[in-house]
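The structure appears below as structure tokens.
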Number of protein chains: 2
Amino acid sequence: MTHISTGVEYGLHCLLYLVNLPKGISNPSVRDLAELQGVPIEYLAKVFNKLRKAGLVNATEGVSGGYRLARPSENITVLDVVRAIDGQKGIFDCKNIRGRCAVFIGQSSAWASQGTCKISSIMYEAQTRLEESLAMHTLAHLTYQVIASEPVEHQDSVMTWLQRRRQYRH
Amino acid sequence: MTHISTGVEYGLHCLLYLVNLPKGISNPSVRDLAELQGVPIEYLAKVFNKLRKAGLVNATEGVSGGYRLARPSENITVLDVVRAIDGQKGIFDCKNIRGRCAVFIGQSSAWASQGTCKISSIMYEAQTRLEESLAMHTLAHLTYQVIASEPVEHQDSVMTWLQRRRQYRH
DNA sequence: GCGATGTTACTCGGATACTAACTGTCCGAGTAAGCCAGG
DNA sequence: CCTGGCTTACTCGGACAGTTAGTATCCGAGTAACATCGC
């Protein structure tokens with residue numbers, strides 16, 4: 001389907017709420033984040049598990065556990081998040097068509113397999129441009145942009161929502 | 001799976017053999033190209049059908065029919081081919097998570113839906129870089145590179161292969 | 001000799017499997033904080 | 001007091017179902033070049 005999965009979309013949106021968390025608020029749990037964003041809980045849990053394995057977030061278990069960023073948001077790029085969740089997959093998968101050419105019937109055509117296929121070179125170069133672009137954006141920068149585009153009171157509303165959810169569990 | 005399909009790979013490899021076709025050789029058919037490259041015939045037929053609808057190649061029907069480039073190879077970019085075959089699909093599909101936030105319970109949150117989501121902006125910018133990179137390569141340039149990387153006699157071998165296939169049909 | 005007919009090799013287009021990946025759900029296990037009772 | 005067990009709300013991890021997109025195959029229809037046959 002799409003090259004960047006919805007898991008990345010869920011993850012990024014939720015990660016933004018882990019940036020600049022006030023001291024008074026404990027680490028949000030997956031349930032907190034999922035219900036806040038309106039995304040499926042169990043699926044988001046898998047996403048955050050991948051983020052943890054990639055070393056982007058830390059998890060504390062047990063009651064009042066939750067997630068927090070493993071390093072400063074300035075040091076986490078969008079590319080980091082994409083790779084953590086979707087894996088390091090390419091936009092193109094070279095099938096090495098060169099080696100199948102009918103003119104060399106039988107013999108394995110030594111030259112056709114050596115070096116990289118020019119077509120895949122073009123694709124991989126394009127992918128590099130894509131990833132360079134993603135790597136230019138950090139969570140810090142992204143959060144700044146998002147908050148700037150929201151009404152000023154919204155961020156406070158979210159924080160009190162998170163706090164209430166911790167106080168009156170169900 | 002991959003953002004750029006194997007159909008594109010098949011199509012590109014076959015299109016290269018339509019560039020700089022000597023006058024003596026008639027338009028190759030899909031069967032010619034498919035067997036030359038070792039790719040499934042019927043699937044390649046669909047690929048070339050898309051290329052035709054996109055105006056990149058022209059088809060002549062009937063016996064001794066086949067395909068030829070619709071315009072000079074300098075004016076056909078890799079991006080043209082990708083879009084013709086895979087359609088103009090994005091690497092990302094924004095689900096508009098913003099509008100689902102739990103803090104505005106019920107009311108539709110006017111501000112959350114206006115403007116573009118910052119996250120999708122990043123993704124679409126990255127896609128633009130990707131497409132810019134693909135658009136920099138023309139079929140002419142690509143063909144030149146490929147031929148330069150092959151033994152000099154290979155191109156002749158292919159041409160005689162095509163010619164024989166036309167003479168002794170089966 | 002010449003026109004009608006048939007054959008062949010194409011493209012065109014729809015219908016249909018098969019496979020893999022993405023998305024989402026369910027459930028059991030381990031873990032830590034807080035509470036509570038029993039010594 | 002305080003120590004051990006219980007409850008609770010988390011994360012962790014595997015298994016699995018539903019859906020979708022990509023890949024591939026099959027078949028019928030239309031088309032044009034060419035050969036063949038009958039007049």
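No experiment lies behind these values; they were computed from the predicted model shown.
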> Counting only N and O atoms by type, is there a donor-acceptor contact under 3.5 Å from the side chain of Asn49(B) to the main-chain atoms of Lys46(B)?
Replying inline: no
> Any sub-3.5 Å donor-acceptor pair from His141(A)'s side-chain atoms to His137(A)'s backbone N or O?
Replying inline: no
> Checking all strands, does Lys53(A) fall into the base, sugar-phosphate, or nothing category for heavy-atom contacts under 4.0 angstrom?
Replying inline: sugar-phosphate
>> Using a 4.0 Å heavy-atom cut-off, does Phe48(B) contact any base of the nucleic acid, only the sugar-phosphate backbone, or nothing at all?
In response: nothing
>> Restricting to non-hydrogen atoms, name the atom on Glu35(A) and the atom on Ile41(A) that form the minimum distance, rounded to 0.1 Å.
In response: OE2-CD1, 4.1 Å
>> Can you give me the closest heavy-atom contact between Thr77(A) and Ala135(A), atom names plus distance?
In response: CG2-O, 3.5 Å
Would you check if [X] and [Y] make a side-chain contact, meaning some heavy-atom pair closer than 4.5 Å?
{"X": "Arg165(A)", "Y": "Pro28(A)", "answer": "no"}
{"X": "Gln155(B)", "Y": "Glu150(B)", "answer": "yes"}
{"X": "Asn75(B)", "Y": "Thr138(B)", "answer": "no"}

In whole angstrom, give the distance that lies between atom [atom1] of [X] and atom [atom2] of [N].
{"X": "Asn49(B)", "N": "dG30(D)", "atom1": "CG", "atom2": "C1'", "value": "14 Å"}
{"X": "Tyr67(B)", "N": "dA9(C)", "atom1": "OH", "atom2": "C1'", "value": "14 Å"}
{"X": "Arg165(A)", "N": "dA9(D)", "atom1": "CZ", "atom2": "C1'", "value": "11 Å"}
{"X": "Asn58(B)", "N": "dA32(D)", "atom1": "CG", "atom2": "C1'", "value": "17 Å"}
{"X": "Phe92(B)", "N": "dC22(C)", "atom1": "CZ", "atom2": "P", "value": "15 Å"}
{"X": "Leu44(A)", "N": "dG13(D)", "atom1": "CG", "atom2": "P", "value": "16 Å"}
{"X": "Asp32(B)", "N": "dT8(C)", "atom1": "CG", "atom2": "C1'", "value": "15 Å"}
{"X": "Asn27(B)", "N": "dA9(C)", "atom1": "CG", "atom2": "P", "value": "18 Å"}

>> Looking at dG13(D), I'd like to know if its phosphate oxygens (OP1 or OP2) sit under 4.0 Å from a side-chain N or O belonging to Arg52(A).
In response: yes
> Does dA24(D) have OP1 or OP2 sitting under 4.0 Å from an N or O in the side chain of Tyr10(B)?
Replying inline: yes
For nucleotides 17-22 of chain D, give me every protein contact, N/O to N/O, under 3.5 Å, one pair per line with atom names.
{"unit_1": "dG22(D)", "atom_1": "OP1", "unit_2": "Lys89(B)", "atom_2": "NZ", "d": "3.0"}

>> Which nucleotide wins on minimum distance to the side chain of Glu42(A), given the candidates dC12(D), dC27(D), dT25(C)?
In response: dT25(C)
> Taking protein heavy atoms under 4.0 Å as touching, what does nucleotides 31-37 of chain C look like 5' to 3' if B marks base contact, S marks sugar-phosphate-only contact and - marks none?
Replying inline: BBB----
>> Which is more 5' along DNA chain C, the nucleotide nearest Ala45(B) or the one nearest Pro40(A)? Just name the residue.
In response: Ala45(B)
> So, Asp93(B) versus Thr2(A): side-chain donor-acceptor pair below 3.5 Å or not?
Replying inline: no
>> By the ring pair (Phe, Tyr, Trp, His ring centres under 6.0 Å) test, which pairs, at least two apart or in different chains, include something from residues 75-99 of chain B?
In response: none
